[in-house]
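Quick caveat, the model's predicted, so the values are computed rather than measured. Each chain gets a letter, A, B and so on, in the order its sequence line appears, and its residues count up from 1.
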Amino acid sequence: MIKNRCFARASLAQKEGDVIRFSAKPKNEPHSLARAKRARDAKNAFRLCPSLIHKYTNYLQYHKLYSMSELTAKFTPADIENKWYAHWEGKGYFHNTPDEREPFSIVIPPPNVTGVLHMGHMLNNTIQDALIRKARLDGKNAVWIPGTDHASIATEAKVVKMLRERGIKKSDLTRDEFLAYAWEWKEEYGGKILQQLRKLGASCDWERTAFTMDPNYSKDVIKVFVDLYNKGKLYRDYRMVNWDCEAKTVLSNEEVIHGEEQAQLFYTKYFLEGSDTDLSRDEREGVTIATQRPETIMADVAVAVHPKDPRYAHLVGKKVIVPLVNRAVPIIFDDYVDIDFGTGALKITPAHDPNDYELGKKYGLEVIDLLNEDGSLNENCGLPDLVGKDRFAARKMMKKLLEESGNLVKLEDYKTNIGRSERTNTVVEPRMSLQWYVDMKQLAGPALEGVESDDIEFFPKQFKSTYRHWMGNIRDWCISRQLWWGHRIPAYYYTSPPTPKGGDVTTTMTTSALDTAAVVISPPLGAGGLGLFVAETAEEALVLAQAKFPDDIITIDDLKQDEDVLDTWASSWLWPISTLNGFENSADFNYYYPTSVLVTGWDIIFLWVARMAMAGYEWKNERPFKSVYFTGMVRDKQGRKMSKSLGNSPDALGLIEEFGADGVRFGVLSSSPAGGDLKFDDKLCEQGRNFSNKMWNALRLLNNWEIDATKAQPIDNQLAIKWFENKMSATITDIENDFKQFRLSEGLIKLYSFIWDDFCSWYLEMIKPDYQQPIDKATLQATTNLFQKLMVMLHPFMPFVTEEIYYQLNQLEAAKLGRRGATKDCIVENYPKAKRIDNQLVSHVETVKDIVSKIREVRNSKGIKMKELLTVNLQNTEGGNALLETAGVREMIVKMANLDAFTTTSEDVNNSIAFISGTLKCYVLLNETINVEEEREKMLKELVHQQGFLKSVDAKLNNERFVANAKPEVVAAEQKKRADALARIGILEESLAKMPSNSVENTKNTEGGALAENTANFKIGESLPATLQLQELLNSLEPDRIERTESTTDMDKFSEIICAVPTELNEIACVRVQ
RNA sequence: GGGUGGUUAGCUCAGUUGGUUCAGAGCGUCUGUUUUACACACAGAGGGUCAGGGGUUCGAAUCCCUUACCGCCCACCA
């Protein structure tokens, strides 16, 4: 039974011609197979790449012999994540209350209560969690307040849909009945996302979970509304608004998403009044306009042209007939019209276009509103057939009607920007409506100043200008919504005193009347301005009403509350204040406010961030957060925004399952510098998972070591430990800086490479005892300490795996080092502090690493196996001696490069390969004859490079202005470079001089060539393997799973060919798993 | 139209206050690996005129101007 996953997943193959083809590469396929696939792509399959087959065979062998039974070598995150999360939460690590420590607080951008975790949340919340965990490790009083937003439109739309599926219409319900359903829905499905955040490892203070419709929160929202009204920063007005016909509510500008869409322009001719009806359409006099919304034609009250347009100059004072309804309307001349667009003539429909409305006002035109609130046409359209029809249905019918009436000139495809509702995705219609507005100009000042002066600091900075631009051109904020789910507007209308009856907004009226519409027109609710009272409760409103109308006997039943609710953002803008009970000046508020940082996407900078800033300054006279970290937008590989409708959003929880929460956290963090967009690729999560596995295996290594308490600590181990401690100090300093500037991705990458390269690849190899030898106590102790420190450093980014390894290291210490007593959990450890760095020691070990690398390079190029002992000599120089004087250096080089000796020599060593590290020269002694010419060329090349380098350095140092202007340390660095370059050049020249100039004939290894020749003979064959390797492979399979083919055509029946290997007969045997 | 960001390796992106042993990382590619922690690995290699042009400077991927493409935000012409 073959357990290896890669093996089991090996490709399907199909035969084509005489070439075996692998099918699409399955995930996690070994590289060898990927190469096979490429070979296939090159249409050469195995015939041209025998080494590939060899390689794959080799890979399989390796697995069979060494890996197949050791599945534990893989780290499985799922096993530990739930365990640790429950542990942390149970211990109360996430919860904090005010104390004497330094506070660090974050409020979560509240996701919609009905939302599910998507990539944006993952990015956003991983960043917040990393910041919170770092603060916690730094010993701060860290609080992260979670919660959800009631999201009025989005939630109401979902509830309506749910009810519809149950056969219930919203219109059949009373407000209270509907709200009961909505709350029921919220209790059942709401907050799911908060559970999902736990999977990600978010260490929120769940005891503080808030909801924007909690009783306390609602109270604040209402209080704020009343306060704004009383301060004169809130008003009601009748204006053209963005209307969502599906949700039947107004939308703010920020809630309308514009996008380019395909539309049709209807070229429609409006005939001149009195023109000859006997003439054909083209002959008859008139004006042709172009419109994309022909269904609004019936509401036209004028046609406009440019005053300087010669085509229409003769029409001054004339009228045209609106098609279908045959109403005569004036032609007006206004330079608003663009002569070059369309026909240069424009129909004026004040009720259904903001610009037309303005023109209508200017010329005192009638307003005919022919749309109902659901987007269907009403009686004002004047055509019975169209009444009740949806605007899009009507549009289609208009085509026919206009054709029949002979007004339609032509149709033209046209790309235009269409506004759609952010929440319901319906096309937004401009519509006249009476709504509540916040006077933003009064609020924007302090909020703008706060960001300008960096009282609130933006990361990255460039969002300041976006913010400035918007705040400078701010428009009033429409905060009423015609919905039920939300905070009901605390405005009460007293209807008793007879008010002038204005009629419904959908009736025909003139613009002169409209100017005072708020007062004279009976709005959908209540009595308009006269009997309007804004108060936190009906009782308070009653008091106001009684005071205003002392002659009336008014009871609470005479007051009618506004039916509308507030825009969701009119509650979430209080989030940092209300979640801390700021309006009651609570201890929490005084301690945690202003919050430390807000982490959010830049897409809601206006919807939310700016408004929170306004609210903070307005009611608390204080910024709501010290910094704002704008994350990038997560996009798919094609750069598109992740969205449900595109279906391109990866399943967040699925990703966690596949790569582990830590893997996903790594993935989203590692390439997400602030503000930049992140094209999401799950390869990054894979990298994160691999990283976890790497550390897990480092732990396994330590676990496997036996301890020998009597063994003295080797000198090179001491050096390794000192070196690593120094490097760690440097890394700590770097990471601290990165956190300060919110450069989390950089911090993570640094740690990644520090742990993977410095710790695993170098440090552990340095201290690793010889095979089956025990390790000394001091080294193991130091190593577990260092490892644990690394885990603490990495913990903010990858909490689960670090906690687990940290714990395992404690266990290891207890078992092998006899350590007693309780130890902290990683999550509440103290973040390591940087110590003074011994630069000389570090640079010596870096030289060691360089020498070792170069020796490996020599091994690689000469095909010398790692196992083979080598002798390397170091040229006797001052620098070389200084290096060797450092205790442990010699031993370290000997061990890491697998040498039998590393000694100094004063003479050139014959029959060796020389290399230069820094200013040191080493000789690798070889038994075989050296290709002198090759070495000479290498050295010459290096010499040229060094000379060029020296020249550029000299050019600077000889430049007086450089020496005069550059910083002293830069000049010193250049001088050092110069000295080093000179030293290297000296070494090279000396070596070259001593080299015999005649080259020795190179005896090249011809193995590769031979192999290549064999390949031409490869063909698909039937014989069973004769090689030992293949035999072993086959032995690993159960006999009934092996089939033998007799001819190439038999290959067809192989549905799963897992490998094809060359036999001694230069044929290919194929093996498949049934 | 008004803002604003970008263009660096095949791909995705780093590159802090300008300083040639910094042009980097990951992935991908290529070569090698029975190397006892890890093939989710190890040891290496190749690959970029830092979009084009001009300027400032002793010195430019980095600062300025300009051109060409992308992108986003805001406002919008029926």
Quiz item: Which of these nucleotides, G26(B), A43(B), A41(B), is closest to any side-chain atom of Gln687(A)?
Solution: G26(B)
Quiz item: Quick one: side-chain hydrogen bond (donor to acceptor under 3.5 Å, both in side chains) partners of Thr466(A), sequence neighbours excluded?
Solution: none
Distances for protein N/O vs nucleotides 1-8 of chain B N/O pairs under 3.5 angstrom?
none

Quiz prompt | Presence of donor-acceptor pair under 3.5 Å, side chain of Arg689(A) and base of C40(B) | solution = yes
Quiz prompt | Pair Phe458(A) + Phe463(A): ring centers closer than 6.0 Å | solution = no
Quiz item: RNA chain B: stems of at least 3 consecutive Watson-Crick or G-U pairs, cut-off 3.5 Å?
Solution: B:1-7 with B:68-74, B:10-13 with B:24-27, B:29-33 with B:41-45, B:51-55 with B:63-67
Show each protein N/O and nucleotides 57-65 of chain B N/O combination with a separation under 3.5 Å, one pair to a line.
unit_1: C58(B); atom_1: OP1; unit_2: Arg961(A); atom_2: NH1; d: 2.9
unit_1: C58(B); atom_1: OP2; unit_2: Arg961(A); atom_2: NH1; d: 3.0
unit_1: C58(B); atom_1: OP2; unit_2: Arg961(A); atom_2: NH2; d: 3.3
unit_1: C58(B); atom_1: O4'; unit_2: Asn959(A); atom_2: ND2; d: 3.3
unit_1: C58(B); atom_1: O2'; unit_2: Asn959(A); atom_2: ND2; d: 3.0

Exercise. Let me know the distance between CE of Met695(A) and P of C38(B), rounded to the nearest Å.
Key: 17 Å
Practice problem: Compute the centroid of each ring, for Phe666(A) and then for Tyr752(A), and state whether the two points are separated by less than 6.0 Å. | Solution: yes
Practice problem: Using salt bridge (Lys or Arg N to Asp or Glu O under 4.0 Å) as the criterion, list what pairs up with Arg468(A), not counting sequence neighbours. | Solution: Glu452(A)
Quiz prompt | Results of salt bridge (Lys or Arg N to Asp or Glu O under 4.0 Å) for Asp356(A) - residues two or more places apart only | solution = none
Exercise. Taking only the side-chain heavy atoms of Lys867(A) (C-beta and beyond), determine which of C27(B), A37(B), U35(B) contains the nearest atom.
Key: U35(B)
Quiz item: Are Phe754(A) and Phe759(A) an aromatic pair by the rule of ring centers under 6.0 Å?
Solution: no
Practice problem: Specify the residue among Thr343(A) and Asn253(A) whose closest nucleotide of RNA chain B lies further upstream toward the 5′ end. | Solution: Asn253(A)
Quiz item: Does the base of C38(B) carry an N or O that pairs as donor and acceptor with the side chain of Asn693(A) under 3.5 Å?
Solution: no
